[in-house]
Amino acid sequence: MSTFQAPKGTYDLTPPRSAMFLAVREAISAPLRDSGYGYIETPGFENVELFARGVGESTDIVTKEMYTFTTKGGDQLALRPEGTASVLRAALEANLHKAGNLPVKLWYSGSYYRYERPQAGRYRHFSQVGAEAIGTEDPALDAELIILADQAYRSLGLRQFRILLNSLGDKECRPVYREALQTFLRDLDLDEETRRRIEINPLRVLDDKRADVQKQLTDAPKLRDYLCDACKAYHEEVRALLTAAGVAFEDDEKLVRGLDYYTRTTFEFVHDGLGSQSAVGGGGRYDGLSEMIGGPELPSVGWALGVDRTVLALEAEGVELDLPATTSVYAVPLGEEARRVLFGVVTELRRAGIAADFAFGGRGLKGAMKSANRSGARYTLVAGERDLAEGVVQLKDMESGEQSAVPLAEAAAELAKRLG
Ligand code: AMP
């Protein structure tokens, strides 16, 4: 292993590609910020208990993928594998739900950790932007979140994604279905681990990717046939609102998702250019989660979109993000005196809000101009001893190649004018 290699299953974001990650986070959060969602930040780790109870003891995330550790003080902690449980815990701790303003709408952005088998699109450290709307049962809220995610992806220029939609029922009808499913599954020819799964989390068996398992599931009881009237009506309303908003979706009865806390609405955004790790984001309603972690009844809904996979999806579609050059003006001093003078001009430009950079390290004209080019700057300022003696700097338009002498004292104002 090389000394400089990032840990297995992780990678660094470095320029220029890192700019895409910033742009994706910005694009995903913008519709949320415009729709009443407030920013929340929680610690990178929590008590293990929170995820064990919240995400679910029977999920892969908790049983296999969590980074857990004991602190020197004896606390059992886990690096957060997902955001929802933490955000709900934080909202409860801060009593946000008691401020008389439901739903509590929150958005977040951060790093998440899962000890998974690394492959393209699946990492041990990844990044999500998420949204949670806590404390209200209203199909319009489920629809709002799906519409905002759709809007975010479209604003980035993504087109080859699909929205899969399902309802998992509630605490009335889901247990009845669960039992019917268990009875059906127990008669199938399945391996030991899958048989254990039937007892703790039978809905996950429907999610099994293996062809020999899928073949046996054709006649499995369908959740749709077990939904109670209230769940059916709720789901129909979500569907109608999405349709009215012009957001296309596909009904997917097999969509159960890997976390235990979902009830009623569940959805996933999948991208067709990503191979096996095709889910770019997902979420759903989690009406029982608050009680599972010891809080009051707070029906809620949320989603998390993966930043890493969204970037991969953009690359797969060949979408070029319209990333503005970060530097507008690049200053190239020739000699000691010019260094002092141009460094002053750069400082003045920056204070005036103009993005400016400088050829550091006393480099020659050729190398410095190469850096100016690479910076993407619209203008360069060049000055040598003779220019300074005349009280001017050379201002070069990097697009047209035109160059003209500008009085030193007017350089900053002239650039501000030209850059609008
Ligand atoms: P989940 O919490 O599993 O529903 O994940 C939500 C989104 O986070 C997924 O759709 C992915 O885009 C992203 N994600 C989850 N796990 C990983 C991972 N191991 N590596 C990269 N992205 C991930």
Side-chain angles (χ1 to χ4, degrees), residues 6-13 20-21 24-25 27-29 42 46 50-51 54-56 58-67 78-88 107-132 145-146 149-150 152-153 156 158 160-166 168 201 203-204 207 209 252 255-263 265-286 289 300-316:
K8 184 172 174 188
T10 73
Y11 62 101
D12 306 299
L13 305 180
M20 283 182 81
F21 285 73
V24 165
R25 290 191 188 110
I28 297 176
S29 58
T42 67
E46 295 276 353
L50 175 70
F51 301 119
V55 179
S58 70
T59 59
D60 284 353
I61 292 180
V62 168
T63 55
K64 298 184 193 153
E65 297 168 5
M66 218 149 57
Y67 283 89
L79 298 185
R80 56 184 181 187
E82 60 101 47
T84 302
S86 309
V87 168
L88 186 56
W107 76 273
Y108 57 89
S109 172
S111 291
Y112 296 85
Y113 307 87
R114 293 182 196 173
Y115 189 76
E116 299 201 79
R117 199 168 44 77
Q119 64 182 85
R122 189 161 74 187
Y123 311 105
R124 292 180 172 177
H125 165 264
F126 58 95
S127 169
Q128 290 182 337
V129 174
E132 313 292 348
L145 278 163
I146 296 173
D150 178 80
Y153 283 141
L156 282 164
L158 274 186
Q160 291 162 26
F161 67 90
R162 291 178 291 131
I163 301 172
L164 310 180
L165 185 69
N166 194 19
L168 292 182
N201 199 343
L203 268 74
R204 287 299 312 283
D207 219 11
K209 300 278 185 285
D252 182 355
L255 182 70
V256 291
R257 311 210 3 93
L259 298 84
D260 273 357
Y261 51 60
Y262 287 112
T263 50
T265 314
T266 49
F267 49 87
E268 205 155 80
F269 289 79
V270 292
H271 192 275
D272 294 324
L274 292 185
S276 66
Q277 303 303 309
S278 62
V280 285
R285 185 155 271 287
Y286 49 92
L289 179 58
S300 306
V301 57
W303 52 240
L305 309 189
V307 176
D308 308 74
R309 284 189 203 163
T310 302
V311 169
L312 291 173
L314 287 166
E315 289 171 343

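Counting convention: from 1, in listed order, for ligands and their atoms alike. It should be emphasised that the depicted structure is a prediction, and the values quoted were computed from it without experimental measurement.
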Heavy-atom nearest neighbour of atom 8 (O) of ligand 1 within options Gln128, Glu268, Gln277: Gln128
Where ligand 1 meets Phe126 - atom numbers and elements under 4.0 angstrom, heavy-atom basis: 14 (N), 15 (C), 16 (N), 17 (C), 18 (C), 19 (N), 20 (N), 21 (C), 22 (N), 23 (C)
For Arg122, the ligand 1 atoms whose distance to one of its heavy atoms is below 4.0 Å: 19 (N), 20 (N)
Under 4.0 Å to a heavy atom of Ala279 - the qualifying atoms of ligand 1, by number: 9 (C), 10 (O), 11 (C), 12 (O)
For the student: nearest non-hydrogen atoms of Leu255 and Leu168, plus distance: O-CD2, 3.8 Å
Distance-only side-chain donor-acceptor flag, Glu65 / Thr59, under 3.5 Å: no
Atoms in ligand 1 with a heavy atom of Gly281 nearer than 4.0 Å: 10 (O)
Element-labelled atoms of ligand 1 that are located less than 4.0 Å from some non-hydrogen atom of Ala304: 6 (C), 7 (C)
Heavy-atom gap Val280 to ligand 1 smaller than 4.0 Å: yes
Ligand 1 versus Arg124: contacting region, heavy-atom distance under 4.0 Å: neither
Stepwise side chain to side chain donor-acceptor pair (under 3.5 Å) test for Gln119 and Ser276: CA-CA 10 Å; Gln119 64 182 85; Ser276 66; 3.0 Å; yes
Over all atoms of both residues, closest heavy-atom pair of Phe126 and Tyr123: CD2-O, 3.9 Å
Mutual orientation of the aromatic rings belonging to His125 and Tyr113 [parallel < 30°, tilted 30-60°, perpendicular > 60°]: tilted
Heavy atoms from other residues, nucleotides or ligands near OH of Tyr115 exceed 12 (cutoff 6.0 Å): no
4.0 Å heavy-atom contact, Gly121 with ligand 1: yes
Side-chain H-bond candidate by donor/acceptor type, Gln128 with Tyr108, under 3.5 Å: no
Aromatic ring pairing Tyr262/Tyr286, orientation class (parallel under 30°, perpendicular over 60°, tilted between): perpendicular
Option set Glu65, Arg114, Glu82, His271, criterion heavy-atom distance to atom 3 (O) of ligand 1, minimum: Arg114
Proximity of Arg309 to ligand 1 by residue part, where a heavy atom lies under 4.0 Å: side chain
Close-contact set for ligand 1 against Tyr123 heavy atoms, below 4.0 Å: 18 (C), 19 (N), 20 (N), 21 (C)
